[in-house]
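See structure below.
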Number of protein chains: 2
Amino acid sequence: MHEKDDFDLQEFLPYLLNQAAEESSLAFQQIYKHRYGMLRTEWRVLFHLGIYGELTAGEIAARARIHKTKVSRAVARLESRRFLTRSRDAADRRREALRLTPKGESAYRDLREVARDYDAMLVEGFSEHEAELLRQMLRRLARPAADRGAA
Amino acid sequence: MHEKDDFDLQEFLPYLLNQAAEESSLAFQQIYKHRYGMLRTEWRVLFHLGIYGELTAGEIAARARIHKTKVSRAVARLESRRFLTRSRDAADRRREALRLTPKGESAYRDLREVARDYDAMLVEGFSEHEAELLRQMLRRLARPAADRGAA
DNA sequence: CCTTGTTAGTTACAAAATCAACTGTTAACA
DNA sequence: TGTTAACAGTTGATTTTGTAACTAACAAGG
């Protein structure tokens, strides 16, 4: 198949980023899926609560830039499987604080170690400096376009 | 909200790659969606045909690592909107060669220019060398894990 | 030729994502 | 207060995806 055109899809950043993101998520996905029956949004919610301790659904949605309906459904699933509990805020009864149960904590700690090892494996082929540069560039690309140039 | 734990989700490559991929696809997505009513798999199929001229659904699926059912549906949609045509291979009547119509070619050329400009905008903050290094690292991360270390 | 296996592509059904509309609660202010 | 707007979160309808099973065509060995 000869090339007819000089545009290189493999060089187009959104495409390349997507391929890299998908490929590099695969093996980790297998683990949280098979070990805990979680979906992507669910491990993300789990990690947010594991790291920050107590958050509302809205805070998680804002931090992770996940739509609130997705978070709402992930929270419902995690609650029904006893990975987290909710508690209504007495002062503002719209807000609902989420917190991991011991079962949730334990799943989080387990997956956190998997994530650490997995991340280390992914950067194995890069130097320390390259890996740091990569993350820095990715953080910039991940920033909402609105912030470009801003703080 | 104080940090309770030292794991940094923003540094975890699969997460970071995903955030970067999603954010950096947003504006481009708006364009192919609103200008041509396409979905992600559809613009990818369009680009493959625009670049390589004539391919079968299976070849596109293999190159882009998209599942064949997704390609099948994208092709059906693109055909119904007259962006491409199919022609059964006489020698092997299972195979179906896909080719862009003039309408498809024109959409491709338009989006190709959008993609070029958009890509340039994304790397605006990086030096030439950084941008090249980034793409190189992403290509490596995008490579199937099975190939790690291999050619 | 005729089984058996493989390949190309589609379809059916279940799971999940998206978008809009909804409930319930608080805030703003005439 | 009473009315209107804003916010937190959920639900329902529709679309899209994922998984598996399917049809049709070829290939290889007996």
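First the proteins, then the strands, lettered A, B, ... as listed; each starts at 1.
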Quiz item: Is the phosphate of D/dT10, meaning OP1 or OP2, less than 4.0 Å from a side-chain N or O of A/Ser72?
Solution: yes
Exercise. For this output row, return yes or no: ring centroids of B/Phe28 and A/Phe12 closer than 6.0 angstrom.
Key: yes
Quiz prompt | Listed nucleotide nearest any side-chain atom of A/Lys70, set C/dT18, D/dT17, C/dT25 | solution = C/dT18
Quiz item: If you check every side-chain atom of A/Arg94, which of C/dG24, D/dT10, D/dT17 has the closest atom?
Solution: C/dG24
Quiz item: In terms of side-chain heavy atoms of B/Asp92, which of C/dG9, D/dA25, D/dT17 is nearest?
Solution: D/dA25
Quiz item: Starting at NE2 of B/His67 and ending at P of C/dA12, how long is that distance when rounded to a whole Å?
Solution: 17 Å
Quiz prompt | From D/dG9, D/dA25, C/dT18, nucleotide with atom closest to A/Thr56 side chain | solution = D/dG9
Quiz item: Side chain of B/Thr41: nearest nucleotide among D/dT17, D/dT19, D/dC26?
Solution: D/dT17
Quiz item: Is the closest basic N to carboxylate O distance between A/Glu105 and A/Arg109 below 4.0 Å?
Solution: yes
Quiz prompt | d(CZ, B/Arg86; C1', D/dA24) in whole Å | solution = 15 Å
Practice problem: Could you state the atom-to-atom distance from CG of A/Leu39 to C1' of D/dT17 in whole Å? | Solution: 13 Å
Quiz item: Within this structure, what is the CE-to-C1' distance between B/Met38 and D/dT15, rounded to whole angstrom?
Solution: 18 Å
Practice problem: Taking the side chain as every heavy atom from C-beta outward, state whether A/Leu9 and B/Arg63 have any atom pair closer than 4.5 Å. | Solution: no
Exercise. Find the distance B/Gln29:CD to C/dA17:C1' and express it as a whole number of Å.
Key: 12 Å
Quiz item: Roughly, in whole Å, what's the span from CG in A/Asp89 to P in C/dT25?
Solution: 13 Å
Quiz prompt | Closest approach of B/Arg82 to B/Thr101 (non-hydrogen atoms, all atoms of both residues) | solution = O-OG1, 2.7 Å
Exercise. Measure from the side chain of B/Lys33, starting at C-beta and using heavy atoms only, and say which of D/dA25, C/dC19, C/dG24 lies closest.
Key: C/dC19
Quiz item: How long is the line joining CD of B/Glu79 and P of C/dT10, in whole Å?
Solution: 9 Å
Exercise. Mark yes or no for a side-chain to base donor-acceptor pair under 3.5 Å between A/Arg73 and C/dT18, with no hydrogen or angle criteria applied.
Key: yes
Exercise. Answer with base, sugar-phosphate or nothing: what part of the nucleic acid does A/Ala62 contact at a heavy-atom distance below 4.0 Å?
Key: nothing
Quiz prompt | Donor/acceptor link under 3.5 angstrom from A/Arg93 side chain onto base of C/dT25 | solution = no
Exercise. Using whole Å, report how far CZ of A/Arg40 lies from C1' of C/dA16.
Key: 11 Å
Exercise. Locate the shortest heavy-atom distance separating B/Ala131 from B/Phe126; write the atom from each residue and the value.
Key: N-CB, 4.2 Å
Practice problem: Kindly point out which of D/dG9, D/dT11, C/dG9 is positioned nearest to the side chain of A/Thr69? | Solution: D/dT11
